[in-house]
K.L.:
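Here's a structure for you.
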Amino acid sequence: MSEMNQRKEKKPAAGVAILMSTYEGGKYIEDQLRTIYSQTWPDFTLYIRDDGSGPDFTGQLKRLQDRYGFTLVLGENKGFLKSFFSLSREVFSGDRDYSYFAFADQDDLWFSNKLEESVKRLERKERDLTPDLPMVCHSAYLMVDEDELSRIREGDWKAEDISPGDSRYFYYPERGYSFRRSITENHYSGFSMTINRKMMEYMLQADPDRIDYHDWLAANIAHGFGWACFDSRPMAIHRMHKTNVTIKTLPRQIKWFARSLREESDIRRRMREYEACYAGCLSSRKRDILSLFTE
């Protein structure tokens, strides 16, 4: 049974679908919504799927829905990855054929030109190449803790004013990031990504139980048989706090390494799923590289 209302017919193609999964985000959600609805790119629709929060937060979401008009889905708890996949499938197969998709977290903040810059890059590249190629645009971002965030004024959130030497600046250079490296290193963060429709179509072929991270999957696809660009200008603020779901701390990395020695590694499991879904899209050389991690 679909979590969203059943639809009868398709509407004309639209711009960007912003996909957000929330869970007990009452402390952060209003700040993020304010930045999303301040975007200079007006052609977007926000979809929020709540992943089983309690009545206090879901009540807050309903009040914010009345104010902003986003589409709200209240679902059972699945975890952040399955929640994103569930929402993505609903929107992708819904009544509008969105050209682009952007992922948003409940606790981050967007610069006002984030969508505009990403969409313009994707549009240019689709004209130069083809919209049938899976594409992703990823931007730099700022990593800011709660104490520092309280001192930042909204007017300071301008990408042009941020120097790469700023201690808050976080950016993985595009140079040297290859298909092989994308297997073992994830240089992408979901909240800084915008993808085209073809990328979403390919991503939804994978089983979320076997791929761990939707942003890492996009990196694998883009560097395997698609296209990617990195914008060195920060377009978002990543709020650092103790409840971040995917933050990679040293203790988590140690636990991951120890578990990989005892069990099938997450890299091997993930790339076996990738092989099952996309091996036919790869060049023979990249299939050989992939086999080093799957056999």
K.L.:
Can a salt bridge be assigned to the pair Arg269 and Glu273 using a cut-off of 4.0 Å between side-chain N and carboxylate O?
P.N.:
no
K.L.:
Angle between ring planes, Tyr177 versus His223, binned at 30° and 60°: parallel, tilted or perpendicular?
P.N.:
perpendicular
K.L.:
Is there side-chain contact between Met203 and Ile195, with heavy atoms separated by less than 4.5 Å?
P.N.:
yes
K.L.:
For a 4.5 angstrom cut-off between non-hydrogen side-chain atoms, does Ile48 reach Gln106?
P.N.:
no
K.L.:
Tell me which one of Asp56, Leu64, Thr58 satisfies side chain to side chain contact (heavy atoms under 4.5 Å, CB included) with Gln60.
P.N.:
Leu64
K.L.:
Taking atom CZ of Phe191 and atom CG of Asp105, what is their separation to the nearest 0.5 Å?
P.N.:
7.0 Å
K.L.:
Within a strict 4.5 Å, meaning less than it, do heavy atoms of the Met20 and Ile29 side chains meet?
P.N.:
yes
K.L.:
Is Lys286 atom NZ crowded by more than 12 heavy atoms from other residues, nucleotides or ligands, each under 6.0 Å away?
P.N.:
yes
K.L.:
Looking at Asp50 and Leu74, would you say the former's side chain and the latter's main chain have a donor-acceptor pair under 3.5 Å?
P.N.:
no
K.L.:
Would you give the length of the straight line joining atom OG1 of Thr22 to atom CD of Gln32, rounded to the nearest 0.5 angstrom?
P.N.:
11.5 Å
K.L.:
Tell me whether Glu117 is salt-bridged to Arg233, with the criterion being a basic N under 4.0 Å from an acidic carboxylate O.
P.N.:
yes
K.L.:
Which of parallel (below 30°), tilted (30 to 60°) and perpendicular (above 60°) describes His214 and Phe84?
P.N.:
tilted
K.L.:
Taking the side chain as every heavy atom from C-beta outward, state whether Phe92 and Arg197 have any pair of such atoms under 4.5 Å apart.
P.N.:
yes
K.L.:
Can you give me the closest heavy-atom contact between Ser86 and Arg49, atom names plus distance?
P.N.:
OG-NE, 3.8 Å
K.L.:
Passes side-chain contact (heavy atoms from CB on, under 4.5 Å), Leu46 versus Tyr68? Steps please.
P.N.:
CA-CA 9 Å; Leu46 173 63; Tyr68 289 107; over 6 Å; no
K.L.:
Considering non-hydrogen atoms only, spot the tightest contact between Ser182 and Trp216 and give its length.
P.N.:
O-NE1, 2.6 Å
K.L.:
So do Pro208 and Arg89 actually touch side chain to side chain, heavy atoms under 4.5 Å?
P.N.:
yes
K.L.:
Does the side chain of Lys78 come within less than 4.5 Å of Phe85's, by heavy atoms?
P.N.:
no
K.L.:
Working to the nearest 0.5 angstrom, can you tell me the gap between Leu87 CG and Leu19 CG?
P.N.:
5.0 Å
K.L.:
Show your reasoning for whether side-chain contact (heavy atoms from CB on, under 4.5 Å) applies to Phe103 and Asp215.
P.N.:
CA-CA 9 Å; Phe103 299 102; Asp215 45 17; over 6 Å; no
K.L.:
Looking at Ser232 and Ala140, what are the two nearest heavy atoms and their distance?
P.N.:
O-CB, 3.5 Å
K.L.:
Thinking salt bridges, do Asp288 and Arg285 make one under a 4.0 Å N-O criterion?
P.N.:
no
K.L.:
Give the ring-plane orientation class for Tyr141 versus His238, where under 30° counts as parallel, over 60° as perpendicular and anything between as tilted.
P.N.:
perpendicular
K.L.:
Heavy atoms, side chains only, cut-off 4.5 Å: are Tyr213 and Tyr188 in contact?
P.N.:
no
K.L.:
What is the distance from atom NZ of Lys198 to atom CD of Glu201, rounded to the nearest 0.5 Å?
P.N.:
3.5 Å
K.L.:
Quick check for you: to the nearest 0.5 Å, what is the distance between Ile237 atom CD1 and Phe111 atom CZ?
P.N.:
5.0 Å
K.L.:
Under a 4.5 Å side-chain heavy-atom rule over Ile, Leu, Val, Met, Phe, Trp and Tyr, are Tyr23 and Leu81 clustered together?
P.N.:
no
K.L.:
Between CD of Glu126 and CG of Asn196, what distance do you get to the nearest 0.5 Å?
P.N.:
4.5 Å
K.L.:
How close do Val136 and Ala222 get, heavy atom to heavy atom, and via which atoms?
P.N.:
CG1-CB, 3.6 Å
K.L.:
Could you pull out the closest heavy-atom pair between Thr130 and Met135, with the gap in Å?
P.N.:
O-CE, 3.5 Å
K.L.:
If we ignore hydrogens and angles and just use 3.5 Å, is the side chain of Glu275 paired with the main-chain N or O of Ser291 as donor and acceptor?
P.N.:
no
K.L.:
Search all heavy atoms of Leu33 against all heavy atoms of Phe70 and return the closest pair with its distance.
P.N.:
CD1-CE2, 3.9 Å
K.L.:
For Lys125 and Leu122, run side-chain contact (heavy atoms from CB on, under 4.5 Å): C-alpha distance rounded to whole Å, both residues' side-chain angles, the deciding distance at 0.1 Å, then the answer.
P.N.:
CA-CA 5 Å; Lys125 190 51 64 173; Leu122 290 168; 5.9 Å; no
K.L.:
Does the ring of Phe230 carry Arg175 above it, NZ/CZ under 6.0 angstrom from centre and within 45° of its axis?
P.N.:
no
K.L.:
Would you call Lys27 and Asp107 a salt bridge, taking side-chain N to carboxylate O under 4.0 Å as the test?
P.N.:
no
K.L.:
Verify side-chain contact (heavy atoms from CB on, under 4.5 Å) between Leu115 and Trp110, making sure each step is shown before the conclusion.
P.N.:
CA-CA 9 Å; Leu115 276 186; Trp110 286 10; 4.0 Å; yes
K.L.:
Assign the ring pair Phe179 / Tyr274 to parallel, tilted or perpendicular, where the plane angle (0 to 90°) is split at 30° and 60°.
P.N.:
tilted
K.L.:
Is it true that the side chains of Tyr98 and Thr45 contain a donor and an acceptor less than 3.5 Å apart?
P.N.:
yes
K.L.:
If you define the side chain from C-beta out and look only at heavy atoms, does anything of Arg239 sit under 4.5 Å from Asp31?
P.N.:
yes
